[in-house]
Amino acid sequence: MPAPLAPYPAPPVPFTLPTIGAQSQLVCSGCRNLLLYAAGATSVCCAVCNAVTAVPPRGTEMAQIVCGGCHTLLMYIRGATSVQCSCCHIINLALEANQVAHVNCGNCRMLLMYQYGARSVKCAVCNFVTSIVASTSTAVQKFNSSS
């Protein structure tokens with residue numbers, strides 16, 4: 001006896017990645033695509049551009065920064081002092097949260113971020129240069145309100 005036919009074809013089975021333990025992700029060093037890899041891998045070959053990207057050692061903390069030249073999101077090992085963009089090759093300073101300070105622009109009052117130790121900071125909005133006045137407490141940074 002023939003089997004009855006279904007009125008509609010069965011939906012295709014969605015593709016799922018094989019589960020070989022935990023998976024992690026990193027950015028391809030060639031084309032900047034996000035790559036998934038299984039735990040224990042030492043390198044990953046990109047299916048798009050065939051670039052081989054080294055996997056950082058297990059337990060390595062990663063951080064992200066936006067490139068100042070081409071605005072590409074860059075991933076780097078936390079603690080690095082600079083990061084070279086693989087797209088435009090500009091070297092970006094990688095500052096940790098404890099290495100930067102904030103001050104209000106002396107002209108337009110925009111909140112500005114600068115590296116500790118800087119003597120002044122230029123506002124990107126109004127181009128005013130605000131002097132950083134060192135106080136007796138290093139945790140407190142004052143702004144120069146002179147015009």
Starting from Val27, can I reach Val52 by hopping between I/L/V/M/F/W/Y residues whose side chains sit under 4.5 Å apart?
no
Connected via hydrophobic side-chain network under 4.5 Å: Val44 and Ile77:
no
Do [X] and [Y] have side-chain heavy atoms sitting under 4.5 Å apart?
X	Y	answer
Leu74	Cys85	yes
Leu112	Val103	yes
Thr53	Cys46	no

So how far is it from [X] [atom1] to [Y] [atom2], rounded to the nearest 0.5 Å?
X	Y	atom1	atom2	answer
Met75	Ser29	CE	OG	12.5 Å
Ile90	Ser82	CD1	OG	13.0 Å
Asn104	Thr130	CG	OG1	8.5 Å
Leu111	His102	CG	NE2	5.5 Å
Leu26	Leu34	CG	CG	7.5 Å
His71	Cys87	NE2	SG	12.5 Å

Grab the two heavy atoms, one from Cys28 and one from Cys31, that are nearest each other, plus how far apart they are.
SG-N, 3.4 Å
Checking the side chain of Asn92 only, and the main-chain atoms of Gly68 only, is there a donor and an acceptor separated by less than 3.5 Å?
yes
Ignoring hydrogens and angles, tell me if any N or O in the side chain of Gln84 forms a donor-acceptor pair with the backbone of Ile91 under 3.5 Å.
no
Kindly list each side-chain donor-acceptor pair under 3.5 angstrom involving residues 118-127, sequence neighbours excluded, with atom names and distances?
none

